[in-house]
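Here is the structure we will look at, set down as structure tokens.
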Amino acid sequence: MDDIGVLMTCPMFGYLEAELEKRFKLFKLWQYPSTAEFLRESADSVQAVVGNTKVGADAELIGSLPRLGIVASYSVGLDKIDLRKCGERGIRITNTPDVLTDDVADLAIGLILAVLRRICACDGFVRTGSWKNGDFELATKFSGKSVGIVGLGRIGSAIAKRAKAFGCKVSYFSRSEKPGTNYKFCSNILELATNCEVLVVACSLTQETHHIINREVIDALGPTGILIDIGRGPHIDEPVLVSALTEGRLGGAGLDVFEKEPDVPQELFGLENVVLLPHVGSDTLETSKAMADLVVQNLEAFFLNKPLLTPVI
Ligand SMILES: O=CC(=O)O
């Protein structure tokens with residue numbers, strides 16, 4: 001397969017780059033002076049694109065690659081891929097579901113604990129020597145809280161399972177009621193936000209879920225409520241969130257994702273009730289390797305005319 005051109009859109013896990021390089025003719029887009037220059041030289045050679053949460057395959061890139069047959073995303077989220085354009089051209093798409101579910105769900109719980117138990121502030125308290133001057137102030141308990149989950153897919157369900165183990169009451173909002181769960185279904189996100197203490201965003205980013213967390217939802221969660229986002233930044237109307245936090249209208253937030261990554265609103269930096277992470281939901285060695293293996297296996301299957309392992313279309 002070493003004459004098959006595979007285009008990586010941006011730097012990713014080194015192991016993935018190495019495994020692709022062993023098998024295919026790998027083009028690394030970021031090593032060219034510009035996308036236009038790369039396309040002028042090599043557009044005709046590219047039969048596969050490997051993108052991720054930063055740079056996927058938009059309509060323009062897809063339209064510039066006449067021999068493109070597959071987009072294999074090194075991510076579960078598909079929001080950086082023009083699904084319609086791929087559909088129109090019969091271009092296959094794969095992603096990396098399941099293998100990252102545990103890590104992302106673990107991190108959601110980690111963020112809840114970090115915000116409620118003020119773990120980062122406590123760490124700073126010890127490191128700066130403040131402990132010598134007295135005890136840290138009291139924090140907030142997590143066990144037994146009511147947790148609302150937006151999106152009860154694979155990741156939302158894994159978060160629900162973990163929250164249950166903490167003795168939490170779990171309810172959820174999604175497009176339709178999921179059969180076979182004991183969690184309370186809310187057909188309206190405002191009802192969910194009004195009735196929970198911790199709201200976790202775990203749905204995929206689509207036109208319908210863009211800014212699903214708006215002023216009304218944040219106000220419904222209220223000054224003691226906690227918002228956690230391990231989905232995508234654009235799920236939340238970020239300026240609205242920032243003003244709710246700076247004005248004390250929301251209790252706290254744990255955010256792994258932002259609207260314009262890697263730019264994060266500076267107003268959040270001084271807030272102790274906010275925990276900020278650099279989009280690391282699935283970033284463990286174990287999971288990154290499993291995701292990379294899936295990308296490679298999907299590409300191999302595609303070029304050997306075998307069934308794809310994790311097809312989206
Ligand atoms: O955000 C992570 C992913 O979509 O895999």
Side-chain angles (χ1 to χ4, degrees), residues 1-97 99-100 204-205 232 257 260-262 278-283 285 287-313:
M1 295 190 188
D2 51 12
D3 57 335
I4 295 174
V6 172
L7 174 67
M8 271 184 119
T9 58
C10 61
M12 299 174 208
F13 184 29
Y15 167 82
L16 173 60
E17 280 183 41
E19 291 302 304
L20 290 173
E21 213 141 34
K22 274 186 212 161
R23 294 165 173 80
F24 302 101
K25 182 165 193 256
L26 188 64
F27 297 102
K28 301 177 185 180
L29 190 53
W30 65 98
Q31 293 184 343
Y32 290 80
S34 68
T35 301
E37 199 150 315
F38 166 76
L39 291 171
R40 255 194 312 278
E41 276 173 27
S42 307
D44 286 344
S45 310
V46 175
Q47 296 183 61
V49 166
V50 174
N52 68 1
T53 58
K54 295 187 186 74
V55 191
D58 61 14
E60 204 182 335
L61 183 67
I62 296 166
S64 320
L65 300 170
R67 295 179 65 215
L68 183 63
I70 180 167
V71 176
S73 194
Y74 178 64
S75 72
V76 70
L78 300 165
D79 46 290
K80 289 283 165 64
I81 303 172
D82 194 312
L83 304 178
R84 199 169 54 91
K85 188 97 181 164
C86 287
E88 279 166 15
R89 287 255 314 264
I91 294 167
R92 306 296 307 275
I93 300 176
T94 62
N95 63 345
T96 58
V99 292
L100 48 62
S204 50
L205 180 63
R232 286 289 185 268
V257 287
K260 299 189 179 92
E261 295 172 8
H279 199 152
V280 290
S282 59
D283 287 5
L285 211 47
T287 293
S288 299
K289 180 166 182 306
M291 289 168 66
D293 287 339
L294 252 186
V295 169
V296 172
Q297 287 160 12
N298 273 309
L299 290 175
E300 285 181 333
F302 177 78
F303 289 111
L304 292 169
N305 283 321
K306 291 189 174 161
L308 302 178
L309 283 86
T310 49
V312 177
I313 56 172

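Residue indices begin at 1 and follow the sequence shown.
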When rounded to the nearest 0.5 angstrom, what is the spacing between [atom1] in [X] and [atom2] in [Y]?
X     : Y     : atom1 : atom2 : result
Arg67 : Asp44 : CZ    : CG    : 7.5 Å
Thr35 : Arg40 : OG1   : CZ    : 11.0 Å
Thr53 : Asp79 : OG1   : CG    : 8.0 Å
Ile81 : Ser73 : CD1   : OG    : 4.0 Å
Lys25 : Asp3  : NZ    : CG    : 9.0 Å
Trp30 : Met8  : CH2   : CE    : 5.0 Å

| Positive for side-chain contact (heavy atoms from CB on, under 4.5 Å) with Gln297, one of Val295, Asp293, Leu299 | Asp293

Contact check, side chains of [X] and [Y], non-hydrogen atoms, under 4.5 Å:
X      : Y      : answer
Asn52  : Cys10  : yes
Leu61  : Leu7   : yes
Thr94  : Leu309 : no
Thr310 : Thr96  : no
Phe302 : Ile4   : no

| task | Check the angle between the aromatic planes of Tyr74 and Phe13 and answer parallel, tilted or perpendicular using the 30° and 60° thresholds. | result | parallel

| task | Kindly check if the number of other-residue, nucleotide or ligand heavy atoms within 6.0 Å of CD (Glu60) is above 12? | result | no

| field | CG (Leu285) with more than 12 external heavy atoms under 6.0 Å | value |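 No, the 6.0 Å shell around CG holds no more than 12 heavy atoms from other groups.
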
Identify the two heavy atoms, one from [X] and one from [Y], that lie closest to each other, and give their separation to 0.1 Å.
X      : Y      : result
Leu294 : Asn95  : CD1-O, 4.3 Å
Val257 : Arg232 : CG2-C, 3.4 Å
Ile62  : Arg89  : O-NH1, 2.9 Å
Thr9   : Val49  : CG2-CG1, 3.7 Å
Val50  : Met12  : O-CE, 3.2 Å
Met1   : Glu300 : CE-O, 3.7 Å

